[in-house]
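Throughout, numbering of the chain's residues begins at 1 and tracks the sequence. The analysis underlying the following values was restricted to heavy atoms, covering all of them including side chains, and did not include hydrogens, waters or symmetry mates.
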Amino acid sequence: MAEINHFEYGWITPALSYALSVLGSALGLICASRIRTAGSAGQRAWWGTLAAWAIGGTAIWTMHFMAMLGFAVEGTRIRYDVPITVASALIAVIAVGIGLAIVGTGRFSAVRLLAGGLFTGAGVAAMHYTGMAAMRLNGRIEYDMTRVVLSIVIAVVAATVALWLAVTVRRGLAIVGAALLMGVAVNGMHFTGMSAMSVHAHARQGEVTGAGVSTLLVPIILAVVFGVVGLVYALLAAPTDEDRAAAAYVDTLRNQEPAAVPAAEPDPVGLRARSTLGRPGTPFPTRRNAPPR
């Protein structure tokens, strides 16, 4: 059995993976909070897509790949099958998106939460083991089924809690605390699943085909950077509750009928036409002050 090292570069890779999972979770929770306040089905779909990309793509899948940078097997190089790797990322995003659709639409209930958590957790576990299936090395990979089942249970519980937080948490310190908790859950599921893995090296060392970590690292980093920037821009550009309240107030003022101008009182002798009478302190004209003829 070949020796496995999960932390080849020390605590750098797990620290980065945890930071990515917290960042993606925070952005995803903020986007998810906009789903129920959206005014149309199109807006709900938009915010649900962004939340699925943030949680499934950044918090889960990118965290998984970053942690895999520190994974090494003695005596063999590790390569990755690109199509299967891309498929694992799509599985994570789609699973989270469907889970948010189950929980975030309609009336919130425990049944919806459990159904969404079960589906999303199964999808996260499928993402993890699909990503592991993309590995190419000179050896045979085996798994301890007890730990595999434990990792799936952790994934389901973590997904259920994440969906509940996505529906209930709105802003401020609650989002930060929820993101920190989700980061612990995602990393716990990943490393539990990795601990179930063992590698039996082949007697004859053949050529390992596939893309290396350095080849995948650049496009993944670019995708994360542009994805995070896009999410932040979408959140900053979207109107807040205060903006919507101000717009509604302005619309109310615009829709109000203008106040009626009071009608002028009748002036049969035309006194108002004399400008001197309208000035304060002007004496009333009289014949006594008239000049002699």
Side-chain angles (χ1 to χ4, degrees), residues 20-62 86-124 126-127 158-172 174-176 178-179 182 186 222-255:
L20 284 172
S21 61
V22 171
L23 176 62
S25 298
L27 292 174
L29 290 174
I30 296 174
C31 293
S33 67
R34 305 290 181 92
I35 296 177
R36 288 190 172 273
T37 59
S40 64
Q43 292 180 356
R44 288 192 292 270
W46 167 251
W47 289 117
T49 302
L50 292 181
W53 173 260
I55 298 176
T58 303
I60 297 176
W61 186 82
T62 308
V86 174
S88 67
L90 295 177
I91 290 173
V93 175
I94 293 173
V96 173
I98 294 177
L100 288 171
I102 294 174
V103 177
T105 57
R107 186 175 181 180
F108 179 74
S109 64
V111 175
R112 283 179 172 269
L113 178 61
L114 293 176
L118 182 61
F119 185 90
T120 305
V124 171
M127 177 280 305
T160 304
V161 174
L163 292 176
W164 177 74
L165 292 173
V167 174
T168 57
V169 173
R170 287 293 179 265
R171 63 182 63 183
I175 289 181
V176 176
M182 290 172 62
V186 171
L222 291 177
V224 171
V225 170
F226 284 109
V228 170
V229 171
L231 288 170
V232 173
Y233 176 79
L235 290 171
L236 293 177
T240 61
D241 294 339
E242 290 78 8
D243 295 335
R244 284 189 288 267
Y249 177 72
V250 172
D251 291 339
T252 302
L253 294 179
R254 289 177 178 176
N255 294 331

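- Contact between V103 and L163 at its shortest, heavy atoms only, is CG2-CD1, 3.9 Å.
- Nearest heavy-atom pair across R107 and R112 is O-CD, 3.1 Å.
- Between the side chain of T160 and the backbone N or O of L114 there is no donor-acceptor pair closer than 3.5 Å.
- A pairwise comparison of heavy atoms in L29 and A162 identifies CD2-O, 4.4 Å as the closest pair.
- S25 OG to L165 CG: the interatomic distance, rounded to the nearest 0.5 Å, is 9.5 Å.
- Atom CE of M182 and atom CD1 of I60 lie 7.0 Å apart (nearest 0.5 Å).
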Can you give the donor-acceptor pairs under 3.5 Å from side chains of residues 87-101 to other protein atoms, not counting sequence neighbours?
unit_1	atom_1	unit_2	atom_2	d
S88	OG	W61	NE1	2.9
S88	OG	T85	O	2.5

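- The two atoms that bring W164 and L113 nearest to each other are N-CD1, 3.6 Å, heavy atoms only.
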Side chains of residues 46-56: which donor-acceptor partners sit under 3.5 Å, not counting sequence neighbours?
unit_1	atom_1	unit_2	atom_2	d
T49	OG1	A45	O	2.8

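- Across every non-hydrogen atom of G117 and A159, the tightest pair is O-CB, 3.7 Å.
- For the atom pair OG1 (T58) and CG (L23), the distance works out to 7.0 Å, reported to the nearest 0.5 Å.
- Contact between V228 and L27 at its shortest, heavy atoms only, is CG1-CD1, 4.1 Å.
- Annotation: side chain of C31 is in contact with side chain of L235 (closest heavy-atom distance under 4.5 Å).
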